[in-house]
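Computation of the quantities below employed the complete heavy-atom set of this structure, encompassing side-chain atoms and omitting hydrogens, waters and symmetry-equivalent molecules. Chain identifiers are assigned alphabetically (A, B, ...) following the order of the sequence lines, protein sequences preceding nucleic acid strands; residue numbering begins at 1 within each chain.
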Protein chains: 2
Amino acid sequence: MTTGAPSTPPTRVTIRDVARAAGVSRQTVTRAINEMPEISEETRARVMRTVEELGYRPNRFAIDLSRQRTHAVGLIVGTFRNPYYAQLADAFVAELRSRDWQVLVSMASQGEADAVRSMASQTDAIIGYFLEPQTNFVPAARGVPIVLLEDQATMPGVHSVELDFRTGISDMVAALRAKGSRRFAMIDASSANPKGTAPGSPRRQFFEAAVGEECIVVTEPESIAGGVDGFRRLLDLDPEIDTVLAFNDLMAMGAVQGAHTLGVDVPGRVRIVGIDGISLGEAISPTLTTLSLETQTVAAQAASILAELFAGEPMPSRSLTRTVTPVPLWRESA
Amino acid sequence: MTTGAPSTPPTRVTIRDVARAAGVSRQTVTRAINEMPEISEETRARVMRTVEELGYRPNRFAIDLSRQRTHAVGLIVGTFRNPYYAQLADAFVAELRSRDWQVLVSMASQGEADAVRSMASQTDAIIGYFLEPQTNFVPAARGVPIVLLEDQATMPGVHSVELDFRTGISDMVAALRAKGSRRFAMIDASSANPKGTAPGSPRRQFFEAAVGEECIVVTEPESIAGGVDGFRRLLDLDPEIDTVLAFNDLMAMGAVQGAHTLGVDVPGRVRIVGIDGISLGEAISPTLTTLSLETQTVAAQAASILAELFAGEPMPSRSLTRTVTPVPLWRESA
DNA sequence: ATATGCTCCGTGACCGGTCACGTAAGCCTA
DNA sequence: TAGGCTTACGTGACCGGTCACGGAGCATAT
């Protein structure tokens with residue numbers, strides 16, 4: 001005998017069980033639970049008591065199936081090991097939860113198209129920070145709207161919250177100039193531009209445009225170690241540099257550490273600036289000056305796009321766009 | 001007229017549409033899609049082609065509803081702003097996604113019971129790191145199993161992945177002694193023990209037990225600033241201390257920063273050790289020595305509990321427990 | 001007395017899949 | 001050529017909710 005005696009089948013408590021126990025119909029139970037009208041207070045109380053006694057809890061799948069709505073959005077980022085993404089996720093969860101949406105998270109480690117595909121089958125929308133070209137992963141969504149972070153939407157059904165790096169970086173550079181910066185340099189991220197052979201990341205391009213003159217740039221892996229190495233290389237290439245912008249805070253923190261081990265004073269001898277605005281930037285000495293990407297605002301804007309998307313019945317065919325301008329966050333390193 | 005002309009209703013492509021278009025029955029479509037037997041290769045190909053043409057994608061909710069299983073677990077943490085939680089989430093998403101489970105995340109900012117309640121209605125299980133006493137939030141789960149992180153399960157239906165701080169901390173202290181540490185001190189977290197008036201966090205208790213003799217402890221808020229202040233206070237209280245353990249890496253990084261601004265050499269004059277093992281510990285100078293909480297292992301163990309929970313039909317009534325032993329991660333600060 | 005209105009509650013169909021069956025066609029054997 | 005077996009496919013019920021109805025019961029108006 002392979003299977004033992006029929007042990008208690010773990011049958012779920014359904015709305016019918018509650019209805020039977022309370023001596024009412026299913027619909028009445030629904031009315032009680034969902035606080036709908038057309039039910040007497042007395043009956044509602046009795047039903048709710050039964051619900052409590054039986055430990056009934058509604059099945060989300062049945063609800064979504066019959067209501068034809070999911071109220072879940074998927075968030076896809078590269079990794080939470082970069083605190084910026086984590087902070088972004090934090091802001092999203094807070095923002096969306098306050099609007100009574102659920103957030104499913106996934107990481108694109110095994111390919112962005114895969115992540116999108118698996119999200120698309122269970123969410124109403126996908127928010128994400130992607131590296132691959134849009135044509136790679138957008139079709140995988142099969143019609144589920146996508147909100148791109150920090151990138152520009154170029155396909156139908158794709159929306160975006162863009163970052164105005166042009167303004168942000170140029171403001172930052174101007175302020176640095178006012179503080180005395182003359183020779184600028186940058187540590188760019190090699191992973192930031194897998195899309196083609198363009199001259200570096202957009203951040204780099206806007207930086208070069210803002211600086212106006214020649215400025216040296218090195219490219220390193222997007223990590224703390226990359227920042228350490230990048231700073232060293234930069235100083236080798238030109239010992240006269242007095243200001244270094246890093247692709248992100250992680251790399252900037254590496255740069256600060258590199259400066260420390262080289263005995264280079266920050267910000268006395270060299271100013272170091274990051275991009276992101278992670279709170280961890282306060283954990284180092286000197287604390288990190290950075291171009292804050294305003295995760296709260298980005299999250300709120302993305303949420304407002306979602307709200308607009310699902311408000312009108314006829315799904316807007318036009319791409320919805322919001323723009324957030326990064327703001328310098330002055331701490332000690334610059 | 002309030003509603004305009006009936007625009008194209010966004011009707012979803014269902015399995016019936018595919019069946020009709022391919023000239024077969026629903027069941028045959030199912031067979032084709034799910035790679036079931038009892039279907040000819042020819043028919044399967046034709047159906048799949050139709051699926052492609054119509055852009056059909058199966059509805060996860062209908063599937064889960066009829067198959068009677070969910071595939072979703074909820075993860076609840078305090079905030080992703082603490083990189084440790086973010087790293088934990090990262091490990092979980094990776095681990096659970098590889099097992100084809102979906103991860104819903106939520107934060108307990110608006111009360112742990114609330115977070116649990118909203119999770120419970122849509123997941124098969126809840127994994128979380130909680131601060132309140134279990135009696136506060138466990139009932140809100142309404143029978144959905146909970147896996148506690150770092151805490152001991154004391155209620156039925158609650159399971160746990162515990163951390164053997166006794167061993168981990170005592171190993172760490174022993175190793176520090178071998179390196180010459182004599183006067184130990186600790187910066188505890190005030191938020192870590194809201195449950196009662198016990199003498200500090202478990203980490204502190206095991207630390208005091210391991211040190212064996214009197215050692216001074218200050219309590220600070222769980223933040224970078226708390227670490228800075230804590231270090232300062234500690235040095236005020238006893239200038240002779242040579243080793244400081246912080247409640248977590250965030251506070252330890254603050255302590256390192258505090259030492260830096262006070263001109264105290266780390267680790268030459270004072271060794272500083274954190275608890276968590278976040279990768280950001282590498283971003284500071286000196287890099288942070290810490291007791292690693294092994295997020296990967298914790299995630300894997302929690303997943304194995306879930307697997308066990310849902311493998312056997314009769315849900316085990318006993319609490320399932322795994323234990324992970326933290327391991328010292330030697331970097332530069334100690 | 002019937003008509004009208006309101007409150008409260010129940011019934012059947014449906015959401016989009018899956019499962020347990022049933023059945024027709026083709027092949028082989030006796 | 002009847003019987004049995006296999007293969008390929010279709011049908012009705014069901015998962016657990018929701019929605020659009022319909023109807024009973026009672027009070028008030030006519």
Let me know the distance between CD of B/Glu42 and C1' of D/dC9, rounded to the nearest Å.
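Taking CD of B/Glu42 and C1' of D/dC9, I get 13 Å after rounding.
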Atom CZ of A/Phe61 to atom C1' of D/dC15: distance rounded to whole Å?
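Rounding to the nearest Å, CZ of A/Phe61 and C1' of D/dC15 are 13 Å apart.
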Side-chain contact, heavy-atom cut-off 4.5 Å: [X] with [Y]?
| X | Y | answer |
| --- | --- | --- |
| B/Val116 | B/Phe130 | yes |
| A/Thr295 | A/Tyr84 | yes |
| B/Glu308 | B/Arg322 | yes |

Side-chain (A/Asp17) to main-chain (A/Thr14) donor-acceptor, under 3.5 angstrom:
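Yes, A/Asp17 side chain to A/Thr14 backbone: donor-acceptor pair under 3.5 Å.
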Under 4.0 angstrom between A/Ser40 side-chain N/O and C/dC9 OP1 or OP2
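It does, given that an N or O in the side chain of A/Ser40 lies less than 4.0 Å from OP1 or OP2 of C/dC9.
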Taking only N and O in the side chain of A/Thr43, is any of them less than 4.0 Å away from OP1 or OP2 of C/dC9?
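Indeed, a polar side-chain atom of A/Thr43 lies that close.
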At 4.0 Å (heavy atoms only), tell me whether B/Leu65 reaches a base, stays on the sugar-phosphate, or touches nothing.
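Base, at least one base atom sits under 4.0 Å.
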Among B/Val105, B/Ile126, B/Ile146, B/Leu149, which one satisfies side-chain contact (heavy atoms from CB on, under 4.5 Å) with B/Ile76?
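Passing option: B/Ile126.
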Letter by letter from the 5' end, nucleotides 17-25 of chain C scores (B base, S sugar-phosphate only, - none; protein heavy atoms under 4.0 Å) BBBB-----
Just checking, is any N or O donor in the side chain of B/Gln152 or B/Ser160 under 3.5 Å from an acceptor N or O on the other one?
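No, B/Ser160 and B/Gln152 have no side-chain donor paired with an acceptor closer than 3.5 Å.
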